[in-house]
Amino acid sequence: MGGPGPARRIEFDLIVVGAGPAGSAAAASAASAARAGLSVALVDRADFPRDKLCGGAFSGRAQGAFARAFGGEMPEAPHLTRSAITFGAFGETLGHFEDIPPIHLTMRRSLDLALFEAARAAGARTFTGQAPEALALDGARPSLRVGETELSAPLLIGADGVSSGVARALFGRPFDPKEIGFALEVELPEDSDPTGFRIDFGAAAWGYGWVFPKTCGTTVGLGGIHARNPKMRESLAAYLAERGVSGTPRIKGQYLPFGAPRRVPGAGHVLLAGDAAGLVDPITGEGIAYAMESGRLAAEAAEAALSEGRPERALIRYRRALGPTHRAMAHARLIRPVLFQPLLRDAFVAGFRNSRSLKDDYLRLLAGELEYADITRKLAARMPRHIWRALTLPRDKRHGIAARLP
């Protein structure tokens, strides 16, 4: 008897691997007849709904990205809206602040399902519940197999998360272990309220902690640069104790591409978006907004390249479109030592506690009303010139105080 027959082959204009915020935004943007109207395959190893480690803050910046990618004001997912927040830093409470730009708090399980359904409603054909196999990405028509079906297209977008199989197939590994972050979190039941909505800088080394109330409970977690946190579980235990959380809640953990974007987000006929491209804010840890924005931009680059019959130019177009995002993240990485380097953080804590403008800038950043370049200019004007010069010099040229800056 012969073996199994050849796989059924389906041709598309675009394949999107990963159906989280980045992939669903890419698929919705590309498949929508009012926009690109491409034939799109949306592939994910999971069936939806599925769980995902994430604080679940849907900021004003995320709202703007959602509107541009999907249309509408908010996803159709349950959320809790907060307009007041408590800030802390390095074990101190910096204060409680009212009348902040609204931040919506949601569970990724319901959020990602809503985005996935929006992509399907836009016209994307979905293939879920089986891991993509046999990725062939180095030719003019990337392809992969899902079960007994082979999918092929002139362009592919890898939006399959921090441990991206697409990035691994392209580059041998999905991320740089020296740059990667790591996060731990727990979900508490509805009747718990460990000090409300708050963010604590320095709860993890070069990272932060969060307490985010939801419609179904409260998420408490922390994240930071992995290499600087060899005892992350101990840090989480201490943070939970500070927040008055008792018992032994189930801990979830995941790598976090903490502000280490890929300079070239793809190769050949393959583009990377969202976490797969390293697009997570290196200070706030926010990734949902960058995921949706990058997914949309990747889809638009794909549509433009296909419309001119030159799919090989999609990556050039996409990289150019991502320029403002990459520049914002570069500014954030420049600012990050001011928050976390021991020689400078006392001044940051005092400034954050005493300066209304610094708190307003941070909140306006989350709201999408301010960019990191604006904050960089303010810091440059306020900080002593020799310290600012130390931060901006290449590491091998720093001296004195600068030599101890990471």
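- A cation-pi arrangement, defined by a distance under 6.0 Å to the six-membered ring centre and an angle within 45 degrees of its axis, is present between R336 and F258.
- In this structure the side chain of P213 reaches within 4.5 angstrom of the side chain of L105, judged on heavy atoms.
- Using a cutoff of 4.0 Å between basic side-chain nitrogens and carboxylate oxygens, R333 and E179 are scored as salt-bridged.
- Using a 4.0 Å cut-off between a side-chain N of Lys or Arg and a carboxylate O of Asp or Glu, D112 and R108 qualify as a salt bridge.
- A salt bridge links E308 with R317: the distance from a Lys NZ or Arg NE/NH1/NH2 to an Asp or Glu carboxylate oxygen falls below 4.0 Å.
- Using a 4.0 Å cut-off between charged side-chain N and carboxylate O, R145 and E133 make no salt bridge.
- Taking the charged nitrogens against the carboxylate oxygens, D51 and K252 have no contact shorter than 4.0 Å, which rules out a salt bridge.
- Inter-residue side-chain proximity for L222 and N229 is flagged as unmet; no heavy-atom pair is nearer than 4.5 Å.
- F48 and F116 have parallel rings, their planes meeting at less than 30° on a 0 to 90° scale where 60° marks the start of perpendicular.
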Worked check of ring-ring contact (aromatic ring centres under 6.0 Å, His included) between Y362 and F97: CA-CA 12 Å; Y362 181 83; F97 307 99; over 10 Å; no
Derivation and outcome, side-chain hydrogen bond (donor to acceptor under 3.5 Å, both in side chains), residues D275 and Y255: CA-CA 10 Å; D275 284 8; Y255 286 111; over 6 Å; no
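- Between E148 and R8 there is no salt bridge, since none of the side-chain N atoms of the basic residue sits less than 4.0 Å from a carboxylate O of the acidic one.
- Using a cutoff of 4.0 Å between basic side-chain nitrogens and carboxylate oxygens, E371 and R327 are not scored as salt-bridged.
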Criterion side-chain hydrogen bond (donor to acceptor under 3.5 Å, both in side chains) on T325 and E293, from CA distance to verdict: CA-CA 9 Å; T325 299; E293 189 75 358; over 6 Å; no
